[in-house]
Amino acid sequence: MSDATPQPKSIDNADKSMDDIMSLCKRRGFIYQASEIYGGINGFWDYGPLGAQLKKNLRDAWWEDVIMMGCSGATGPDGEPVEIVPLDTCIIQNPKVWEASGHIGGFNDPMVDCRETKSRYRADHVQVMSQASGEGQMYAFIGGDDASEAAARKKLEKYARTELTDDQIAVTPLVELDLDVYGRVVGPDAKEAGTLTAPRAFNLMFPTVVGATGDVEDDKAYLRPETAQGIFIHFKNVVDTTRVKLPFGIANVGKSFRNEVTPRNFTFRSREFEQMECEFFCHADDAKDWYQFWRDSRMAWWESIGLAGANLRLREHDTDELAHYAKDGAGTADVEYKYPFTAPDYGELEGIAHRADFDLKQHQEHSKVKLEYFDTTRGELAPNGQPEGERYLPHCIEPAAGLDRGVLALICEAYTPDPDRPSKVFMRFHPRIAPIKAAVFPLVAKGGMPEVALELHRELRQRFGKYGLIEYDAKQSVGKRYARMDEAGCPFCFTIDGETVEDGPNKDTVTVRDRDTAEQTRMPISQVADFLSQKLGL
RNA sequence: GCGGGCGUAGCUCAAUGGUAGAGCGUCAGCCUUCCAAGCUGAAUGUUGUCGGUUCGAGUCCGAUCGCCCGCUCCA
């Protein structure tokens with residue numbers, strides 16, 4: 001990682017226009033609307049040349065740091081290096097996987113709409129108050145909301161024309177009422193009865209059909225809504241075949257799909273998106289320490305690639321917003337970014353969840369396959385001095401990052417308006433993730449300069465081309481070329497000028513122009529590659 | 001899914017119901033020795049799509065698709 005490039009101060013994203021950012025993304029080929037020439041398709045976005053490379057750089061950085069370097073070479077809370085192994089699992093799995101994980105059964109929350117007030121409620125949150133007899137009008141309210149409940153009681157008493165004791169009142173969950181009673185129910189915020197719709201289920205999983213016969217019911221399968229389950233169901237395989245020992249992690253990068261109720265906010269809530277997930281397994285006694293470790297490590301990692309300052313924060317979930325799998329865990333935290341469209345609020349970038357043994361337990365029950373780990377380092381000491389060992393289901397800490405959300409955050413963070421420069425805006429990508437690593441220009445397209453520039457371009461491309469684009473540009477004026485590179489976020493431009501090719505004190509030197517400061521310095525052409533290597537952190 | 005706003009060239013936007021335009025960008029040429037300089041020229045549009053009203057629709061009406069905002073939701 002480069003420590004040579006000073007990280008300029010982060011600009012508050014509340015001052016950036018998302019429309020302008022989206023416009024630049026299109027103009028410079030970062031992000032296009034999917035299927036654009038056919039009118040687009042709601043919730044899908046494609047990456048243009050610069051976006052594709054930017055996304056790859058972020059994915060590679062995660063893969064290298066989290067997996068290959070074991071959390072950037074950190075020492076875990078156990079004092080040992082962190083061990084992570086990669087995995088690459090299918091988007092389509094046996095549908096039973098999603099029954100076990102809970103994605104098919106309990107998590108498509110049914111919703112009810114109120115035709116009168118246009119409000120929408122989670123059906124399982126709505127309670128219905130009636131007279132104990134169950135006769136007459138009934139009044140819905142939001143369970144747990146005292147004001148809403150008091151209002152319902154007041155309305156019911158007015159309807160009954162008398163004060164009612166608790167015994168004279170019945171409260172029933174809406175979902176347990178017969179549909180033919182709905183006509184007598186007054187919505188929580190409504191005046192008339194019968195305005196609530198029947199509860200409607202939202203299944204967020206994409207159904208698909210496996211097999212050429214296309215039998216929708218018999219051969220129904222799903223595109224995965226998260227990569228995590230592919231990891232859990234291979235936990236035993238990885239333990240049995242790779243000599244890993246607890247604690248260790250398994251990581252998977254790949255596409256996931258969710259039929260979001262409302263795709264919104266550019267690529268933030270896409271229906272097809274890419275996740276970078278790690279399931280880190282450890283003994284239950286150590287889970288809390290590992291949870292803290294991953295929380296802090298992941299926050300530091302995002303800072304290391306250019307997200308920093310007030311636009312980034314780490315937030316612990318309140319207990320009442322914990323997901324189904326995290327109820328028994330030590331907690332859930334989100335790394336959140338202040339996107340321009342959420343500002344002054346923040347939106348999720350990565351979640352770090354203590355899932356306890358929820359998933360392994362579920363898969364063990366549903367598959368009838370023992371997924372326990374035999375830990376030879378634990379248990380009572382046997383007479384021979386060796387631990388007897390302990391058999392248990394490991395607990396799991398899950399740092400799960402959204403790759404597309406990461407790209408979006410990097411773009412928003414990099415976007416830097418600057419009225420003083422010709423481009424009026426530049427993209428201040430961290431050199432490590434910048435899609436264009438360097439550009440080489442002849443100051444003017446004559447006098448032997450293009451030849452020297454092309455030679456330098458060849459050299460740099462050969463050495464750095466695998467990390468990103470190395471551009472050559474001789475068109476128009478050098479000012480335009482600098483401006484173009486500013487908008488694309490290229491950190492360094494090398495220019496061959498008259499002094500490079502003429503005899504004199506500066507023969508064989510070039511100027512390097514720094515994107516962030518627009519300052520130029522002169523260096524021998526022979527040192528350019530090493531300079532770039534150091535700046536890119538290679 | 002509901003409500004509101006919007007949809008014209010790559011981008012930003014004009015065009016009273018009457019011939020679809022400008023700026024910027026892009027490309028070509030000239031010029032140019034360090035920040036979108038200048039000159040000349042060029043390409044790019046079924047005005048998101050479909051239908052209707054009209055002698056005539058970018059403009060009015062309807063539907064549809066997409067984007068933005070609010071509500072709602074978010075494993």
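Numbers restart at 1 for each chain; the letters A, B, ... are given by sequence-line order, proteins then strands.
- Residue A:Phe266 is classed as a sugar-phosphate contact, given heavy-atom separations below 4.0 Å to backbone atoms only.
- Distance from the side chain of A:Arg264 is smallest to B:G1 among B:C74, B:G1, B:A36.
- Among the protein residues, A:Gln520 comes within range of the nucleic acid bases, having at least one heavy atom under 4.0 Å from a base atom.
- A donor-acceptor pair shorter than 3.5 Å can be found between the side chains of A:Thr495 and A:Tyr482.
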Which atoms of nucleotides 43-45 of chain B (N or O only) lie under 3.5 Å from a protein N or O atom, and what are those distances?
none

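- Summary of the strand contacts: A:Lys480 and A:Phe44 both lie near RNA chain B, and taking for each the nucleotide with the nearest heavy atom, the more 5' one is attributed to A:Lys480.
- Using a 4.0 Å heavy-atom distance criterion, A:Met449 is classed as a base contact.
- Remark: B:G7 base-pairs with B:C65; criterion is Watson-Crick or G-U wobble with both hydrogen-bond distances under 3.5 Å.
- The residue A:Arg224 sits apart from the nucleic acid: no heavy atom pair falls under 4.0 Å.
- At the heavy-atom level, A:Asn265 lies under 4.0 Å from the strands shown only through sugar-phosphate atoms.
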Quiz item: Taking it one step at a time, do A:Gln275 and A:Ser256 satisfy side-chain hydrogen bond (donor to acceptor under 3.5 Å, both in side chains)?
Solution: CA-CA 7 Å; A:Gln275 294 183 298; A:Ser256 292; 2.8 Å; yes
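- Separating the CG atom of A:Asn42 from the C1' atom of B:G48 is a distance of 15 Å, rounded to the nearest angstrom.
- Within the 4.0 angstrom heavy-atom criterion, no nucleotide atom of any strand lies near A:Arg421.
- Nucleic acid contact for A:Ala228: none, since no nucleic acid atom lies under 4.0 Å from a heavy atom of the residue.
- Contact annotation: side chain of A:Tyr482 to base of B:C34, donor-acceptor pair present below 3.5 Å.
- Contacts of A:Glu487 with the nucleic acid, taken as non-hydrogen atoms under 4.0 Å apart, include base atoms.
- Judged by Watson-Crick or G-U wobble contacts below 3.5 Å, the nucleotide B:G1 has B:C71 as its partner.
- Figure legend. B:U16 is base-paired to no nucleotide; pairs are counted as Watson-Crick or G-U wobble with both atom distances under 3.5 Å.
- Across all strands shown, B:G52 is found opposite B:C60 as a Watson-Crick or G-U wobble partner, with both distances under 3.5 Å.
- As rounded to whole Å, 12 Å separates atom C1' of B:A36 from atom CG of A:Asp473.
- Side chain of A:Lys16 to main chain of A:Cys412: a donor-acceptor pair is present (N/O by atom type, distance under 3.5 Å, no hydrogens or angles).
- For the 3.5 Å distance criterion, the side chains of A:Asn13 and A:Tyr337 qualify, holding a donor opposite an acceptor.
- Listed candidates were B:A75, B:A37, B:C67. Nearest to the side chain of A:Ser477 is B:A37.
- A cation-pi arrangement, defined by a distance under 6.0 Å to the six-membered ring centre and an angle within 45 degrees of its axis, is absent between A:Arg224 and A:Phe257.
- In this structure, A:Arg513 reaches the bases: a heavy-atom distance under 4.0 Å links it to at least one base atom across the strands shown.
- No contact: A:Gly48 has no heavy atom under 4.0 Å from any strand.
- Checking B:G25 for Watson-Crick or G-U wobble geometry (two distances, each under 3.5 Å) identifies no partner in any strand.
- Checking B:U33, B:A36, B:C35 against the side-chain heavy atoms of A:Ala518 singles out B:C35 as nearest.
- A:Asp404 and A:Thr267 are not linked by any side-chain donor-acceptor pair at a separation below 3.5 angstrom, with hydrogens and angles left out of the test.
- A:Asp497 comes within 4.0 angstrom of a base, heavy atoms only.
- Rounded to whole Å, the C1' atom of B:A9 lies 12 Å from the corresponding atom of B:C24.
- At the phosphate of B:U26, OP1 or OP2 sits under 4.0 Å from a side-chain N or O atom of A:Gln476.
- A salt bridge (Lys or Arg N to Asp or Glu O under 4.0 Å) with A:Asp486 is found for one member of A:Arg481, A:Arg513, A:Arg28 and no other, namely A:Arg513.
- Of the candidates B:C27, B:A28, B:C74, the closest approach to any side-chain atom of A:Lys475 belongs to B:A28.
- In terms of the side-chain hydrogen bond (donor to acceptor under 3.5 Å, both in side chains) criterion, A:Arg405 has no residue partners (sequence neighbours excluded).
- Under the 3.5 Å distance criterion, with hydrogens and angles disregarded, no donor-acceptor pair is assigned to the side chains of A:His354 and A:Glu398.
- Counting non-hydrogen atoms under 4.0 angstrom, A:Glu499 reaches nothing in the nucleic acid.
- Atom NZ of A:Lys96 is surrounded by 12 or fewer heavy atoms from other residues, nucleotides or ligands within 6.0 Å.
- Looking at the side chain of A:Arg484, the nearest of the listed nucleotides B:C74, B:C34, B:A36 is B:A36.
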Quiz prompt | Heavy-atom protein contacts under 4.0 Å, nucleotides 4-13 of chain B, coded B base, S sugar-phosphate only, - none | solution = ------SSS-
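- Checking side-chain atoms of A:Arg515 against main-chain N and O of A:Phe429 turns up a donor-acceptor pair under 3.5 Å.
- In this structure, A:Glu277 and A:Gln229 have side chains that are not in contact, with every pair of non-hydrogen atoms separated by 4.5 Å or more.
- Take the nearest nucleotide of RNA chain B for A:Gly39 and for A:Arg522: the residue whose nucleotide is more 5' is A:Arg522.
- If you check every strand for non-hydrogen atoms under 4.0 Å, A:Phe441 touches nothing.
- Contacts of A:Lys446 with the nucleic acid, taken as non-hydrogen atoms under 4.0 Å apart, involve only primed sugar atoms and P, OP1 or OP2.
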